[in-house]
Structures are given as structure tokens and as C-alpha cells.
Amino acid sequence: MTPEPTAVIHDIGYRHYDGVRLGRGRATLALGVQSLRGVFGLGRTVRAKIMPLLLVAIMLMPTVVSIGVMALAKQFVMPYPNYAVFMQAVIAVFLAAQSPYLVAPDLRFRVLPLYLSRPLTVTDYVLAKLTALAVALFGLLAVPLTIEFVGELLVDLPGPPHTADYLGALGGAVLHAVLLSSVGIALASFTPRRGLGVASVIAFYMFTAAVSGIFAGVLISSGRDDLAGWALLLNPFFLVDYVQSALFGTTPVNTESAPPGIASCLILLAVVAVAVTGVLLRYRKAAS
């Protein structure tokens with residue numbers, strides 16, 4: 001006599017996926033694109049679009065004023081390599097507002113294992129987030145610089161256009177994007193609370209800006225001008241300004257006490273390496 005079955009499998013119409021499996025590269029690209037869209041509020045609520053679009057508009061204001069002055073007074077007023085240092089407060093607010101958005105929700109709601117259940121690895125996830133923020137920061141700087149350069153060409157100022165400075169400033173925009181995205185993601189990833197992430201990035205910028213300025217002022221007042229440039233390296237914007245000068249031949253904001261270019265480059269590489277390593281270790285711990 002056959003025993004009664006204890007379990008029955010019902011065919012309710014699910015089918016296996018037989019299409020092309022695109023793998024880790026496409027998954028990483030999709031996550032990066034989605035993160036980049038979110039940085040500027042695309043695909044999010046109207047309230048989420050206000051801050052990034054407002055900051056983009058503020059970044060464009062000096063460009064508009066500069067083009068107007070060039071058209072009316074036939075005078076070049078805003079050096080391209082100094083644009084990031086001049087607008088560093090706006091860039092810092094953008095970094096503080098968007099870095100926690102990229103990392104805090106996944107940590108707070110513990111959905112990282114869901115991402116990693118697919119072909120994505122921790123390295124792929126971190127790479128997608130860092131790249132998205134770096135591209136956003138590069139665009140935040142490159143668009144005003146490019147508009148100003150086009151305006152300079154259209155106005156046709158006396159003398160040759162400042163093409164070398166513009167290209168050097170674009171190279172500096174890449175350096176700013178890499179350094180700031182690494183530091184911003186590293187600081188924001190250590191707390192699942194978005195508000196605390198914003199506060200940590202803002203506090204880091206205010207602390208480094210204040211300390212570097214105070215140390216540089218004290219050294220200059222005591223006659224140690226040769227060391228003042230080293231103190232300014234505490235500020236990430238001045239650090240990139242000196243590296244940009246060393247690599248692309250631009251004129252830094254502070255020319256009197258510039259440290260050796262090789263030292264500035266090594267410091268920048270060390271900061272990026274430490275920040276990225278910290279992010280990887282943080283996410284490996286969170287995924288375990």
C-alpha cells in the first residue's frame with residue numbers, strides 16, 4: 001500500500017529566467033547611475049531636488065557675473081584655477097548634503113546584504129558610490145568653468161584666451177572630485193543617520209578650514225612664511241590647489257609659501273588611500 005504524500009509541489013506558473021546575465025560590471029554601472037541621479041534629486045521627491053539644484057545655481061552665479069564683466073568692461077576677473085577655492089563653502093555644503101544620501105539609508109535599513117546577494121561585491125558597491133559622487137562633484141565644478149570659458153571665447157577679450165588655465169582647472173576639478181568624494185563617503189559611512197552624516201562632513205570642513213587658516217596666520221605673523229603653505233595643506237581645497245599647480249602649471253591662490261609639489265601630491269594620494277580603505281573596511285564589517 002502506497003503511503004500518502006506528505007508534501008506537494010504546485011506549479012503556479014513561475015518561469016526560470018533564460019535571458020542574458022550581464023554580470024557584475026552592468027550591476028555596478030546600474031547602481032552608479034542610479035546613485036548619480038539621486039545626488040541631483042532625479043527620481044526623488046520635489047523636496048529632495050531643492051538643495052542640489054539650489055547649490056548648482058549658486059555655483060553658476062560667479063560665472064554669470066564674470067561673463068557680464070568681460071562683456072561690459074573687457075576684463076578677465078575670475079581665474080579658472082581659483083574657482084574651487086573661491087566657492088569652497090558651496091562645494092562643502094553640496095558634499096555634506098549628498099554624501100549621507102548615498103550611504104546612510106542602506107546602512108540604516110540594512111539592505112546591504114540584499115545588494116550583495118547578487119553578483120555585486122563590497123568593492124563594486126563602494127566603487128559605484130564613490131564614482132557617482134565624484135562625477136557629481138566634477139560636474140558641479142566643470143560646468144561653470146566651461147560656461148565661463150565659452151563666454152570668454154564669445155566675448156573675444158584682448159589677447160589670447162586662457163586655455164591652459166581652463167584645462168588645468170578641469171584637471172583640478174578631477175582632483176577635487178576624487179579627494180572630496182573619498183573623504184565625504186568615508187565620513188558619512190560611519191553612521192546610519194543622515195543628519196549625523198551631514199554634521200560630520202560639515203564639521204570636518206569647518207575644522208580643517210579654521211585650523212589651517214589659524215596656523216598659517218600664526219606662522220606668517222611670526223616670520224615663518226616657509227611653513228605657512230604646509231599649514232594650508234590641512235584644508236583639502238588648498239591641498240588640491242597646490243597639487244593642481246604642481247601637475248598642470250597653474251598659479252595657486254597662495255603663491256608666497258607653496259610647499260614642494262611632490263609632497264602635496266603624496267599627501268593627496270595618502271588621504272585618498274586612507275579614506276577609501278576606511279570605506280571598504282566599514283562596508284565589509286556591515287556586510288558580515
*If only atom types and distance count, is the side chain of R24 paired as donor or acceptor with the main-chain N or O of L120 below 3.5 Å?*
no
_Treating S66 as the side-chain partner and P62 as the backbone partner, does any N or O pair qualify as donor plus acceptor under 3.5 Å?_
no
*Report yes if some heavy atom in the side chain of K129 is under 4.5 Å from a heavy atom in the side chain of V279; otherwise report no.*
no
*Does CE in M78 sit with more than 12 non-hydrogen atoms of other residues, nucleotides or ligands closer than 6.0 Å?*
yes
*Pairwise side-chain contact, W230 with F215, heavy-atom cut-off 4.5 Å (strictly under)*: no
_Residues Y283, V103; criterion side chain to side chain contact (heavy atoms under 4.5 Å, CB included); working and verdict_ = CA-CA 10 Å; Y283 275 97; V103 295; 2.9 Å; yes
*Between Y83 and Q88, a side-chain donor and acceptor under 3.5 Å*: no
*Would you kindly confirm whether L31 and V111 end up in one hydrophobic cluster when ILVMFWY residues are joined by side chain heavy atoms under 4.5 Å apart?*
yes
_Nearest-0.5 Å distance that lies between atom CG in N82 and atom OG1 in T251_ = 8.0 Å
What pairs of donor and acceptor atoms, side-chain ones from residues 164-181 against any protein atom, are under 3.5 angstrom apart with sequence neighbours left out?
{"from": "Y166", "atom 1": "OH", "to": "T146", "atom 2": "OG1", "distance (Å)": "2.9"}
{"from": "H176", "atom 1": "ND1", "to": "G172", "atom 2": "O", "distance (Å)": "2.9"}
{"from": "S181", "atom 1": "OG", "to": "A177", "atom 2": "O", "distance (Å)": "2.6"}
{"from": "S181", "atom 1": "OG", "to": "V178", "atom 2": "O", "distance (Å)": "3.1"}

*Under the side-chain contact (heavy atoms from CB on, under 4.5 Å) rule, collect the residues that match up with V143, sequence neighbours excluded.*
L60, I147
*Where do P252 and S245 come nearest, in terms of heavy atoms and distance?*
CD-OG, 3.4 Å
*At what distance, to the nearest 0.5 angstrom, does CG of L268 lie from CG of L239?*
5.0 Å
*Are any side-chain N or O atoms of S221 and backbone N or O atoms of V218, one a donor and one an acceptor, separated by less than 3.5 Å?*
yes
_Heavy-atom pair of closest approach, residues S212 and N235_ = OG-CB, 3.5 Å
*Gap between atom CE of M87 and atom CZ of F237 - 0.5 Å precision*: 10.5 Å
*Do the side chains of F207 and L234 get nearer than 4.5 Å, heavy atoms only?*
no
*Test item: T63 side-chain N/O and P144 main-chain N/O as donor-acceptor pair under 3.5 Å*: yes
*asked:* If hydrophobic clusters are built from ILVMFWY residues whose side chains come within less than 4.5 Å, do L232 and I214 share one?
replied: no
*Show your reasoning for whether side chain to side chain contact (heavy atoms under 4.5 Å, CB included) applies to F40 and V56.*
CA-CA 9 Å; F40 292 102; V56 169; 4.1 Å; yes
_In this structure, would M206 and F86 fall into the same cluster of hydrophobic residues linked by side-chain contacts under 4.5 Å?_
yes
*Say whether, by atom type as modelled, one donor and one acceptor occur between the side chain of R44 and the main chain of G38 under 3.5 angstrom.*
yes
*asked:* Does either side chain, that of D124 or that of Y115, offer a donor lying less than 3.5 Å from an acceptor on the other one?
replied: no
*Is the closest side-chain heavy-atom distance between L133 and S99 below 4.5 Å?*
yes
*If you round to the nearest 0.5 Å, how far is NE2 of H162 from OG1 of T250?*
13.0 Å
*Hydrophobic cluster membership, L72 vs I67, 4.5 Å side-chain cutoff*: no
*Nearest heavy-atom neighbours spanning A246 and G261*: CB-CA, 3.6 Å
*Would you say the side chain of E152 lies within less than 4.5 Å of the side chain of Y80, judging by non-hydrogen atoms?*
yes
*Could you tell me whether the side chain of M59 reaches within less than 4.5 Å of the side chain of I91, counting heavy atoms only?*
yes
*Within a strict 4.5 Å, meaning less than it, do heavy atoms of the E148 and F76 side chains meet?*
yes
*asked:* For a quick test of reading the model, state the closest non-hydrogen atom pair linking G229 to Y242 and the distance between them.
replied: O-CE1, 3.8 Å
*Show your reasoning for whether side chain to side chain contact (heavy atoms under 4.5 Å, CB included) applies to D156 and K74.*
CA-CA 8 Å; D156 192 18; K74 298 297 181 180; 5.9 Å; no
*Answer yes if L280 and V271 sit in the same cluster of Ile, Leu, Val, Met, Phe, Trp and Tyr residues linked by side chain heavy atoms under 4.5 Å apart, and no otherwise.*
yes
*Can you see which heavy atom on A132 is nearest to which on G32, and at what distance?*
CB-O, 3.6 Å
*Rounded to the nearest 0.5 Å, how far apart are CG of L53 and CG of L42?*
7.5 Å
*Contact check, side chains of L107 and R282, non-hydrogen atoms, under 4.5 Å*: yes
*Test side chain to side chain contact (heavy atoms under 4.5 Å, CB included) on L233 and F238 and set out the steps.*
CA-CA 6 Å; L233 293 180; F238 286 112; 5.9 Å; no
*Do you know the tightest heavy-atom contact between C265 and L247?*
SG-CD2, 4.0 Å
*In Å, rounded to the nearest 0.5 Å, how long is the span from CG of D106 to OG of S189?*
12.0 Å
